[in-house]
Amino acid sequence: MDSSDLLPVGRRVAYWRGRRKLSQQVFADRLGKSKSWVDKVERGVRSLDKMSVLRDVAAVLRIDTAVLLGRDTRPADVTGRVEGVERVREALSTYDIAVGRSAARCQVLSADRLARDVTHAWITFQHARYPQVIALVPDLLAGVQRVHADDPGWGRPLLVEVYRVTASLLVKLGEVDLGWLAADRAMAVATGDSALVAAAAVQLGQVLRASGRARAALSAMLAAAYRIAPSNPDDGTPAALSLCGTLLVQAALAAARGGDDRVTSNSSARLPAWRPG
């Protein structure tokens with residue numbers, strides 16, 4: 001059982017706000033409330049008696065409303081998720097290949113099979129089947145790292161992709177610091193290839209926004225988008241145009257979170273130019 005389950009709803013709000021590393025002011029801004037309102041809720045002076053407000057609070061905290069109300073009846077799921085995240089953390093903390101030490105013995109999959117498995121992980125993630133993705137990621141990290149060590153040229157894009165899906169998953173689970181590590185690994189592996197850097201930058205933007213660094217996210221997204229943008233949209237490939245559009249969406253989200261309406265509008269206005277015909 002999560003320790004927050006035993007707390008009044010106001011203290012539960014404070015608990016999850018702390019888990020998300022949000023100050024009272026930032027949390028209040030995202031809710032459209034005052035800092036004083038947040039403080040009173042967390043101290044129990046003001047009650048949360050409207051379901052619409054509860055849903056807004058839960059959305060900002062990235063938890064289910066049932067969790068906020070202490071009605072989560074799936075402790076086994078919570079335990080499984082925690083254990084799964086720890087397996088991902090362990091996989092990200094392994095440097096056996098880098099230091100020349102033999103990796104732990106496990107089934108060695110072909111590069112083609114691993115490529116299919118990475119694609120499967122992305123599809124599973126997009127369908128919000130996060131427990132299944134948690135189960136897939138540790139072995140994918142180990143397998144793709146081996147492929148990259150044996151053939152850096154072929155394995156490099158695959159390693160960037162597995163770090164990207166790992167970062168996206170961890171952000172969804174609220175493990176922002178660990179997600180930052182995965183996104184940083186993706187950027188490091190991608191360095192020197194503008195298309196790979198742009199792809200990895202999407203997850204970097206997600207991590208920066210989730211950690212409250214909207215301005216840094218905005219700067220990184222725009223820089224990555226402009227780096228790969230063709231001078232004439234008609235000359236761009238569908239993949240490049242789609243990636244530019246994704247980065248501009250991320251830039252707009254970062255600007256909105258940072259309260260920059262001008263940049264939000266400008267970023268959004270550029271989107272039609274990057275959509276493939």
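- Residues Phe27 and Leu48 share a hydrophobic cluster, clusters being chains of Ile/Leu/Val/Met/Phe/Trp/Tyr side chains in contact below 4.5 Å.
- Salt bridge status for Lys21 with Asp177: present, with a side-chain N to carboxylate O gap under 4.0 Å.
- Salt bridge Arg146/Asp150: absent, no basic N to carboxylate O contact under 4.0 Å.
- Atom CG of Leu61 and atom CZ of Arg19 lie 11.0 Å apart (nearest 0.5 Å).
- Contact detail for Ala115 and Leu158: the closest heavy-atom pair is CA-CD1, 3.6 Å.
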task: Test side-chain contact (heavy atoms from CB on, under 4.5 Å) on Ser168 and Lys172 and set out the steps.
output: CA-CA 6 Å; Ser168 291; Lys172 281 292 184 183; 5.9 Å; no
query: Between Asp39 and Arg43, is a salt bridge (charged side-chain N to carboxylate O under 4.0 Å, His left out) present by the stated rule, with each step listed?
result: CA-CA 6 Å; Asp39 182 65; Arg43 289 190 292 115; 2.8 Å; yes
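- Residues Leu22 and Val38 are not in side-chain contact: their nearest non-hydrogen atoms beyond the backbone lie 4.5 Å or more apart.
- Ala251 and Leu222 get closest at one heavy-atom pair: CB-CD2, 3.7 Å.
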field: side-chain contact (heavy atoms from CB on, under 4.5 Å) evaluation trace for Leu141 with Arg185
entry: CA-CA 11 Å; Leu141 284 167; Arg185 293 270 183 86; over 6 Å; no
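- Hydrophobic clustering keeps Leu247 apart from Val207 (ILVMFWY residues linked when any side-chain heavy atoms are closer than 4.5 Å, directly or through intermediates).
- For the side-chain hydrogen bond (donor to acceptor under 3.5 Å, both in side chains) test, no residue two or more places apart in sequence or in another chain qualifies with Asp151.
- Scanning all heavy atoms of the two residues, the minimum distance from Ala183 to Ala167 falls at N-CB, 3.8 Å.
- Separating the CH2 atom in Trp180 from the CG atom in Leu208 is a distance of 5.0 Å, to the nearest 0.5 Å.
- Surrounding CD of Gln25 are more than 12 heavy atoms belonging to other residues, nucleotides or ligands, all under 6.0 Å away.
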task: Apply the test side-chain contact (heavy atoms from CB on, under 4.5 Å) to residues Asp139 and Arg87: give CA-CA distance (whole Å), side-chain angles for both, the deciding distance (0.1 Å), then the verdict.
output: CA-CA 9 Å; Asp139 289 340; Arg87 286 187 64 223; 4.1 Å; yes
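- Residues Leu248 and Met221 fail the side-chain proximity criterion, which asks for heavy atoms closer than 4.5 Å.
- One finds the CG atom of Leu253 at 10.5 Å from the CG atom of Leu218 (value rounded to the nearest 0.5 Å).
- Connection of Val162 to Trp154 is established within a shared hydrophobic cluster, with ILVMFWY side chains joined at heavy-atom distances below 4.5 Å, either directly or through further cluster members.
- To the nearest 0.5 Å, the span separating CD on Gln203 from CD on Glu161 amounts to 8.0 Å.
- Here the closest heavy-atom approach between residue Arg30 and residue Arg209 is recorded as NH2-O, 3.8 Å.
- Using a 4.5 Å heavy-atom cutoff, the side chains of Leu173 and Ile134 are in contact.
- When atom types are taken as modelled, the side chain of Arg156 and the backbone of Ala190 share a donor-acceptor pair closer than 3.5 angstrom.
- Here the CZ-OG distance, from Arg213 to Ser219, works out to 14.0 Å after rounding to the nearest 0.5 Å.
- Hydrophobic clustering (ILVMFWY, side-chain heavy atoms < 4.5 Å, transitive): Val144 and Leu169 are in one cluster.
- Val165 and Val171 fall into different hydrophobic clusters, where Ile, Leu, Val, Met, Phe, Trp and Tyr residues are linked whenever their side-chain heavy atoms come under 4.5 Å apart, directly or through other members.
- Looking only at distances, a side-chain donor or acceptor of Thr124 sits under 3.5 Å from a matching main-chain atom of His120.
- With hydrogens and angles left out, the side-chain atoms of Arg11 and Tyr15 include no donor and acceptor closer than 3.5 Å.
- Looking at Asp184 and Tyr163, their side chains never come closer than 4.5 Å, going by heavy atoms from C-beta outward.
- Residues Arg55 and Lys50 are not in side-chain contact: their nearest non-hydrogen atoms beyond the backbone lie 4.5 Å or more apart.
- Residues His127 and Gln132 fail the side-chain proximity criterion, which asks for heavy atoms closer than 4.5 Å.
- When all heavy atoms of Ala254 and Ala214 are compared, the pair lying nearest together is O-CB, 3.4 Å.
- A pairwise comparison of heavy atoms in Val9 and Leu68 identifies CG2-O, 3.6 Å as the closest pair.
- In this structure, Glu86 and Glu83 have side chains that are not in contact, with every pair of non-hydrogen atoms separated by 4.5 Å or more.
- Between Val53 and Leu31, every side-chain heavy-atom pair lies at or beyond the 4.5 Å cut-off.
- Atom CZ in Arg227 sits 12.5 Å away from atom SG in Cys244 (nearest 0.5 Å).
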